[in-house]
Every structure is written in structure tokens, then in C-alpha cells.
Amino acid sequence: MRRVTCGFLALVLLWAGGLALAEERANSEFSRPLYIPFPEDAPYSPQVATLGKMLFFDPRLSADQNMSCASCHNPSFGWETPVALAVGAANIPLERHAPTILNLAWSEHFFWDGRASSLEEQAKGPIEAPLEMGAPLPEVVKRLSQVSQYGEWFDRLFPQDGLTEENILKAIATYERTIVSGWSAFDRWIDGDANAISESAKRGFDIFIGTGRCVECHTGWNFTDGQFHNIGLITDDMGRALADMYDPDFEFMFKTPSLRNIALRAPYMHDGQLPDLRSVISHYQVHGISSSANVPDPDPLELSAQDVDDLIDFLESLTEERTNVPSPMLPAN
Amino acid sequence: MSINGRIIMPACATLFSVVVLSFVNDQSTKRKDEQVNLALVAFDATNSLNNAVLSAQEVLEKTAEMTQLFSSDETIGEFVKQTDIVENSLTHLSETIDNTEARDILDALQGNIQAWKNDSLIFLGAIQANAIPTREVLSIRQKNVAERSGQLSVVIREGVDRRIQMTSAAISRQYTIGLIIVLLLLSFVVIYAFRTKQSIGRVIGEITAELGHTAQEFETKNEIAQLETVVSRLRSDNADLKRFQLDLASVVEAAGQGDLSMRLCSERSNDKLNEISRALNTMVAAAEQIISETSKVMRSFANGDLSERVNSSFSGEFENLKRDVNTTGNKLEELVSEIKIATAHMTPMLQQLQGGTSGLSQRTVAQAKGLESTSEAMDDLLKILDQNEDRTEICKQLSIETTNAASHGQSVAFDAIATIQKVAGNACEIESISQFVEDIAFRLNILSINASIEAARAGSAGRGFKTVAEEFRELAIQTHDASENIRKLIDASNVDVVMGVEQVELTETTFGKVRDEIQRVKDAIFEIANAGAEQSHHIKRVASTMSDLDRETEKNARLVSESETVVASLNEQASHLNKLVAFFSQANPKGISGSRAVVKSEKNSA
């Protein structure tokens with residue numbers, strides 16, 4: 001009997017300590033930033049962002065005018081596409097799953113393997129890639145010059161050089177920096193609304209930062225450390241190792257994705273091999289975080305079924321509560 | 001206080017309080033209106049603030065949607081237009097708000113608006129920044145503003161409601177106070193009217209009592225009618241009084257002009273006036289009697305009869321007048337008799353005095369003549385003394401001159417002695433020269449002897465030369481003789497010089513003696529001169545005393561002659577006085593003691 005009481009007390013103390021720890025972490029790490037940072041060389045302007053949005057949604061940026069940036073980075077699906085591998089303009093699947101473009105203003109590396117170091121550089125890739133939009137930028141410039149309003153607007157917003165490749169990329173990048181995941185129930189809870197998320201989600205958050213060790217890579221309000229990790233996925237993709245000069249140290253390493261709006265962004269992983277969150281958690285239960293491909297995790301997670309449910313509830317609480325992305329009015333040819 | 005005042009005062013008080021009450025009431029109503037207006041202005045301000053914030057937010061949303069490309073200037077301009085409205089509203093609010101709670105909320109609202117505006121302007125690109133607010137931040141900011149302004153309008157509404165309630169309560173309180181004041185004034189006016197009626201009634205009662213009537217005689221209760229009755233009575237009494245006044249005026253005027261024969265009529269309807277008339281008549285009669293008797297007595301005094309007296313008896317001041325007139329008569333009688341006695345004594349004494357003064361006059365004249373001659377002799381003496389003084393002065397001069405001459409002679413003698421001694425010195429020198437000449441003569445002699453010897457040796461060749469030697473010898477002898485003579489002469493001269501010196505020294509001593517003697521003579525002369533001056537000074541004093549005596553004697557003479565004239569005129573006056581006193585006849589001419597006794601006895605009887 002006494003043993004039972006002692007055990008109960010210890011549990012209560014642990015629970016209370018955990019709760020206190022959770023709150024402390026919540027306050028220090030998980031508060032959302034109120035302001036979006038902009039680089040010195042690409043200052044914010046609402047007009048440039050608007051122009052960028054138009055370009056982002058404009059299929060005239062693809063060779064056959066059958067695809068826009070938004071084709072793969074669809075706001076309805078957490079700025080991704082709900083297919084394992086993205087499909088290019090020629091209806092040929094690509095090698096990787098489309099990554100989200102949420103909260104990229106805080107990011108330093110772009111693409112799954114981080115081969116681009118700025119949004120401008122990144123934006124150029126998919127437009128020109130033959131399997132994707134397949135439109136060389138000079139072609140795009142020529143085409144957009146035909147649209148009188150684009151010419152007019154570029155002249156107005158970039159009075160020095162008007163409509164150029166660089167300015168097209170700059171406008172798109174500026175727009176992309178303004179794309180920030182909206183307030184979620186979790187954020188309200190962090191801000192002090194105790195009833196904003198379910199008890200299950202709260203427990204899930206404790207597992208997330210505690211026994212689940214998820215927070216080791218998914219840090220901060222954006223739930224990413226911005227680094228590259230090999231999480232023991234079964235894949236032929238060498239990841240970060242291919243990004244520049246081949247580096248075997250970076251084999252199978254991919255960028256930690258943000259977990260914001262994660263429930264909307266299935267399927268998961270760089271190649272969309274895991275169809276839902278449950279399978280993602282189960283992957284970590286089996287393979288852990290640091291094994292090389294095809295090698296089981298020596299220290300796998302031990303989570304109960306309830307823990308998994310709680311974790312999923314928590315992850316779902318990261319979905320923004322209000323999505324309002326009206327489509328731009330594109331200028332006529 | 002006049003009746004006018006009594007009526008006007010309460011009326012004014014009533015009017016004043018009504019005016020004050022209506023003024024206060026008006027002010028309160030105005031205040032209430034002001035409160036309502038303030039509330040309306042504050043509501044307008046919050047409304048326009050909210051509207052402007054919403055409009056600005058619309059601009060913001062439109063930009064944030066990024067569906068169309070709007071001109072930056074247009075968007076910012078539109079936004080700033082709305083924020084200007086917001087700020088105007090804030091200014092209005094801060095001007096109208098006066099309670100602390102609302103002020104605190106307003107301050108917080110201003111902070112909220114500032115934050116919202118600042119972030120919005122960054123978002124619109126009006127302010128360049130390296131970080132832009134998320135849309136959630138913007139909506140939170142806007143929500144804060146809206147909530148705060150809602151709070152503000154609630155507080156303003158509450159404050160204004162409270163204020164209006166207070167003002168309404170104040171107005172109803174004022175109405176109650178006003179009602180009480182009006183009631184108090186009304187009761188005051190009623191009491192005042194009652195008291196005024198009472199005091200008028202009392203005055204009428206007093207007047208009628210004074211006129212010898214009773215208040216019950218009045219047929220009416222109207223105080224004015226009662227006053228009229230009283231006035232008509234007073235008027236008839238007044239007519240009587242006027243007639244009496246005229247009568248009295250004529251009697252008094254006649255009395256004033258000396259006619260005391262007039263009398264007042266004492267047969268009038270008014271008994272009081274009749275009494276006054278009788279009393280006045282008695283008074284005038286008494287005055288007439290005393291005046292006539294006094295004038296009779298005075299008249300007899302004027303005629304020289306001092307025995308007349310006032311005999312009737314009077315009372316008060318009239319009796320005093322009678323007594324004074326009689327005393328005056330007695331005093332005059334006494335005086336006249338005493339003057340008569342005095343003049344009778346005076347006449348022989350005056351004659352004696354006249355004789356004395358004429359003798360004195362003659363003696364004084366003789367004295368004056370004697371003094372005159374003495375004075376002349378003194379003058380002569382003075383002249384002689386003056387001459388003496390002059391002469392003494394001349395002697396003084398002469399002695400001084402002589403002294404000078406003696407001194408001169410002495411000095412001349414000194415000079416002669418010196419000269420003679422010099423001559424003696426010269427003789428000595430001559431003696432030494434003659435010695436030298438003699439020496440030459442001796443050598444010349446020896447030379448000539450030697451030459452003769454040499455010539456002898458030369459034989460015949462030296463014959464001529466022998467002659468020359470002879471001549472030389474001759475010359476030596478002559479020279480020797482001459483020098484011998486000179487020495488003799490000088491010796492004789494020396495003896496003479498010694499004698500000369502002795503004689504001159506004697507002369508000098510003599511001159512010294514002469515000078516001393518002359519000095520003594522001079523001193524004697526000085527003493528004489530001083531004695532003379534003193535003498536003349538004394539004599540001058542004697543002379544001036546003499547002239548003083550002369551003047552005094554003259555004055556005495558004048559006085560004596562004046563005394564003579566006065567004594568003569570005194571004589572004359574005394575005889576005149578005798579004649580005048582003889583004019584008065586007396587009741588008791590024998591003497592002073594009798595009349596005194598009369599006065600005493602009268603005093604005792606009085």
C-alpha cells in the first residue's frame with residue numbers, strides 16, 4: 001500500500017514538474033514571432049509582394065503555360081501537393097515530394113537538400129527545370145514583356161531596370177517571405193488560453209518535447225532546426241551529399257521540415273513515402289533518428305498507442321485556424 | 001421707512017429671488033445641455049474613430065490580400081487620411097474627457113493606436129523596416145484598438161449618465177429650495193403688510209389723541225379716510241393758530257420798535273391761545289412800567305437832581321434793574337460830594353506850588369550862565385595845552401638831530417686819529433730812506449777820497465780827474481746835510497703827530513659826553529610831553545563833564561518852566577471842577593459818611 005502511495009506521489013511530482021517544464025519551454029521557445037524578417041538586399045514592399053504573388057500564380061511562367069508555382073505549392077494543402085512525388089508540366093513525376101513554402105523568411109537553406117541559399121536562387125530552379133515548368137528565364141522575360149501591365153508594373157516598381165529575370169525572382173521571393181503559417185490553437189495555448197487545445201494535445205506536446213525526443217530536431221515555434229539529418233529512411237536519394245560537390249558525410253541527409261500545418265501536408269518525407277502522421281511516428285519507433293539507411297535504430301522510441309494518439313492530436317493543433325489566400329487578378333495578355 | 005419703501009422692498013426681494021432662481025435654473029439646464037453635448041461630441045469622436053480605424057483596416061486588408069496592384073501612394077494616402085481622422089477624434093476626446101478613468105483608457109487607446117498605426121505603415125511600405133508585422137499582429141493591433149475604444153465609450157457613457165443624473169438632482173433640489181424661498185417671502189410679505197397697517201393705525205390714534213379725540217369716533221376702518229378726517233381737524237386748528245400768530249407778530253414787532261402799549265386779544269375760541277395772550281400781556285405791561293420809571297429817574301439825573309429814585313415794586317430781572325438804577329443814583333451822589341471836598345483842599349496847595357516853581361526857575365537860569373563861562377575857560381586851557389604839545393614835539397626833534405650831530409663829530413674824530421697815525425707811519429719810512437741817503441753820502445765821500453788819491457798818483461794826467469773827485473766830495477757833504485735836515489724835520493713832525501692824536505682823542509671823548517647829555521635832555525623832553533598829554537586828557541574829561549552839566553541845567557530850566565505852566569493850568573482846572581460840581585444838587589450835601597450809611601442800609605434791606 002505504502003509503495004503504491006509513494007509511486008503515486010512520485011508520479012504526481014513528475015507530472016507537476018513536467019507541466020512546469022512544458023510551460024517554461026512554451027514561454028521561451030514556442031512563442032510565435034510577430035514580425036517577418038527581410039534581408040537587406042531585398043527590402044519589403046507590398047506592391048513588389050503583390051506582383052510576386054501574381055507571378056507565383058501565373059502559368060505564363062511555364063513553357064507550355066500549363067503550370068504555375070502554386071501548382072505544386074498549393075495553399076490548400078499546406079503549400080504542397082497531396083501526392084508523394086510532384087508531377088511536372090510534362091506530367092512526369094519528379095524524384096521528390098514538393099516541400100512547403102511556409103515560413104521560409106526564417107530559413108537559410110532551400111530545397112530538401114539545401115542546395116539554394118536564397119529564395120531568389122531557389123525560385124529560379126523549378127521555373128527553368130525541364131521536368132518542372134521548363135521555361136528558361138529569358139523566355140519568361142520575353143513572354144511577360146508581351147503583357148503590357150506587367151511591363152508597366154515592373155517599370156514602376158523597379159525603376160532602374162524594369163522587367164528582368166532577377167526582378168522576377170526578387171518579386172516571387174518577396175511574396176514567398178510574406179507566406180507565414182497562421183495562428184493555430186497551439187499558439188493560442190502558448191499565449192495563455194488554457195482551453196485552446198485538448199488535454200490529449202497537451203500530453204502530446206509533453207511527449208513531443210519529452211520522451212518522443214521530437215524537439216531535438218523540430219525546435220522552436222517553427223518546429224525546425226533548419227539543419228540536415230539522416231532519419232534512416234529507406235531511399236536511394238543521397239540527399240544533402242549531392243547538393244554541391246559530392247560529400248559522403250551528408251549521405252541521406254535532408255532538411256528538417258517545419259511542422260506548421262503538418263496535418264495538411266501528407267504524404268510525408270522527401271519522397272512522400274509515408275502516407276500519414278501515424279506512419280511517420282511509427283517510422284521513428286522502428287528506425288530512430290541516426291541510423292544509416294536500412295539499419296534499425298539501436299534506441300527506438302517506446303510510445304504507447306495513447307502516446308501516438310496524443311502526439312497526433314498535438315500535431316493537428318499546429319494547423320492554422322483561418323486560411324485566407326485569395327487568388328490574384330492576373331493581367332490579361 | 002417710507003410707505004413706498006415698505007411696499008417696494010418686499011416686491012424687490014420677491015423679484016430678485018425670482019430672477020436669481022430662474023438664473024440658477026437656467027444655468028443648471030445649460031449645464032445639463034452641456035453635459036449632453038459633451039457626451040454627444042465624445043460619442044461622435046469614438047464613432048468616427050472606430051469608423052476611421054475600420055476604413056483604415058479595410059485599406060490594410062485590401063493590400064494584404066494582394067489580389068490587385070494598387071498604387072503605393074494611393075493606399076498610403078487613403079490610410080493616412082483615415083489615421084488623421086483617428087487622431088483628430090483622439091484630440092476631440094482628450095479635450096472633452098475629464099474623468100480619470102476615461103483619461104487612463106484614452107491614454108492606453110492612444111498607445112494602441114500608435115502601435116497599430118506604426119505596424120500598419122510598415123506593412124503598407126510607408127515606413128522602411130527590416131521586419132514586417134504578420135497579418136495576425138495587424139489584426140491583434142486593430143482588435144486592441146477596437147476593444148479599447150469600446151471600453152472608452154462605455155466609460156464615457158457611464159460618466160455622462162452620472163453627470164446628467166447629478167445635474168437633474170441638482171435641478172430638482174433647486175426647485176425645492178426655490179419653492180421654500182417663495183413661501184418664506186410670501187409669509188414675510190403678509191407679516192410685513194400686517195405690521196405696516198398696525199403702525200399706521202397707531203400713528204393715527206396718537207394724532208387723534210393729541211387733538212383731543214378718540215379713535216372710536218371714526219366711522220370707517222379705512223386708515224386713509226381716518227387720516228383725512230384728522231387732517232381736516234388739524235386744518236381748522238391751524239387757521240386759529242395762524243390768526244394768533246399774526247396778532248402776536250404785530251405786538252412783538254411794536255415792542256421791538258419800543259411801543260409797549262399794544263396788547264394781544266384774549267377773547268379767542270382756543271383757551272390755550274387765550275392763556276398765552278394773557279401771560280404775554282402781563283409781561284409787556286410789567287416791562288412798560290419799569291422802563292417808564294427808569295427813564296423818569298434818568299431824566300432827573302440828567303437835570304442834575306440826583307435825589308430821584310424808582311419806587312414801585314417789581315419782580316425778577318425788573319427788580320434787579322430797579323435796584324441797579326437806585327444804586328447808581330446813590331453812587332453818583334457820593335462821588336459828587338467827595339469831588340467837592342477834594343477841590344476845596346486842592347486850591348491853596350496849588351497856589352503854594354506856583355510860587356515855588358517860579359523861584360526855582362530863576363535859580364536855574366543863574367546856574368546855567370555860570371556853567372557857560374566855566375566851559376569857555378576850559379576851552380582856552382585846552383588850546384594852550386595843545387600848543388605845548390606841539391612845542392615839546394619840536395624839542396624832541398631838535399634833541400634827536402643834535403644827538404646825530406654829536407655822533408657824527410665823534411666818528412670824524414676817530415677818522416682824524418687814524419689819518420694822523422698813518423702820517424706818523426710815513427715819517428718813519430722817510431727816516432729809514434734818509435738813513436739810506438746818508439749811507440750813500442758816506443760811500444760817496446769815501447769814493448771821492450779814493451779818487452783824489454788815484455788822481456794824485458796820476459800826476460798831471462789826473463788833474464781833471466781830481467776836480468771831479470772834489471765835486472763828488474762836495475756832493476757827498478751836501479747829501480749828508482740834506483739827510484740830517486730831513487731827520488730833524490721828521491722828529492719834529494713825530495712830536496706834532498703825538499700831540500695831534502691826543503687833542504683829537506680829547507675831542508672824541510667830549511663829543512661822547514655831549515651825546516650822553518643830549519640823550520638825557522631828550523628823555524626829559526619825552527617825560528614833559530607825556531605829562532602834557534595826560535594833562536590835556538584830564539582837562540578834556542573836565543570839559544566834557546562841564547558840557548554835560550550845561551545840558552542838564554538846560555533841561556532843568558525847561559522842566560521848571562513846564563512845571564510852571566502845568567501848575568498854572570492845574571489851578572485853572574481846579575476852579576473849573578469846582579464850578580462843575582456845584583451843578584449837582586444832593587439829597588445829603590454834608591459829606592461822605594452819610595451817603596455811605598444810606599447805601600449800607602439799602603444793601604441790608606435788600
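Throughout, a chain's letter reflects where its sequence line sits, starting with A, and its residues are numbered from 1. Every heavy atom of this structure was used, including side-chain atoms; hydrogens, water molecules and symmetry mates were not.
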Which one wins on heavy-atom pair count under 4.5 Å against chain B: A:F38, A:W183, A:Y44, A:F57?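 Of the candidates given, the most pairs with chain B belong to A:Y44.
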Of A:R322, A:R177, A:Q47, A:M54, the largest count of non-hydrogen pairs under 4.5 angstrom with chain B goes to A:Q47
Hey, can you tell me if A:F314 and A:F205 have their rings parallel, tilted or perpendicular (30° and 60° cut-offs)? tilted
Between [X] and [Y], does any side-chain N to carboxylate O distance fall below 4.0 Å?
{"X": "A:K170", "Y": "A:E120", "value": "no"}
{"X": "B:E61", "Y": "B:R135", "value": "yes"}
{"X": "B:D26", "Y": "B:K30", "value": "yes"}

Count the heavy atoms belonging to other residues, nucleotides or ligands that lie under 6.0 Å from NZ of A:K202, then report whether that count exceeds 12.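 Result for NZ/A:K202: enclosed.
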Quick check on [X] against chain A: is it the side chain, the backbone, both or neither that has a heavy atom closer than 4.5 Å?
{"X": "B:F70", "answer": "backbone"}
{"X": "B:T75", "answer": "side chain"}
{"X": "B:L124", "answer": "backbone"}

I'd like to know whether B:N25 forms a side chain to side chain donor-acceptor pair (under 3.5 Å) with B:S28, so could you lay out the CA-CA distance, the side-chain angles of the two residues, the decisive distance to 0.1 Å, and finally the verdict. CA-CA 5 Å; B:N25 193 12; B:S28 304; 5.4 Å; no
Tell me, out of B:A129, B:G125, B:S72, who's got the most heavy-atom pairs with chain A below 4.5 Å. B:S72
Leading residue by heavy atom contact count with chain A [cutoff under 4.5 Å; candidates B:L138, B:T134, B:I140]: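 Top option by heavy-atom pairs under 4.5 Å: B:T134.
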What I want to check is whether the side chains of A:N222 and A:R32 have a donor and an acceptor closer together than 3.5 Å.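 No donor-acceptor contact under 3.5 Å links the two side chains.
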Answer with side chain, backbone, both or neither: which region of [X] has an atom nearer than 4.5 Å to a non-hydrogen atom of chain B?
{"X": "A:P326", "value": "both"}
{"X": "A:R156", "value": "side chain"}
{"X": "A:Y175", "value": "side chain"}
{"X": "A:D187", "value": "neither"}
{"X": "A:S45", "value": "neither"}

Test item: A:T219 side-chain N/O and A:T224 main-chain N/O as donor-acceptor pair under 3.5 Å: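 Here the side-chain-to-backbone pair exists.
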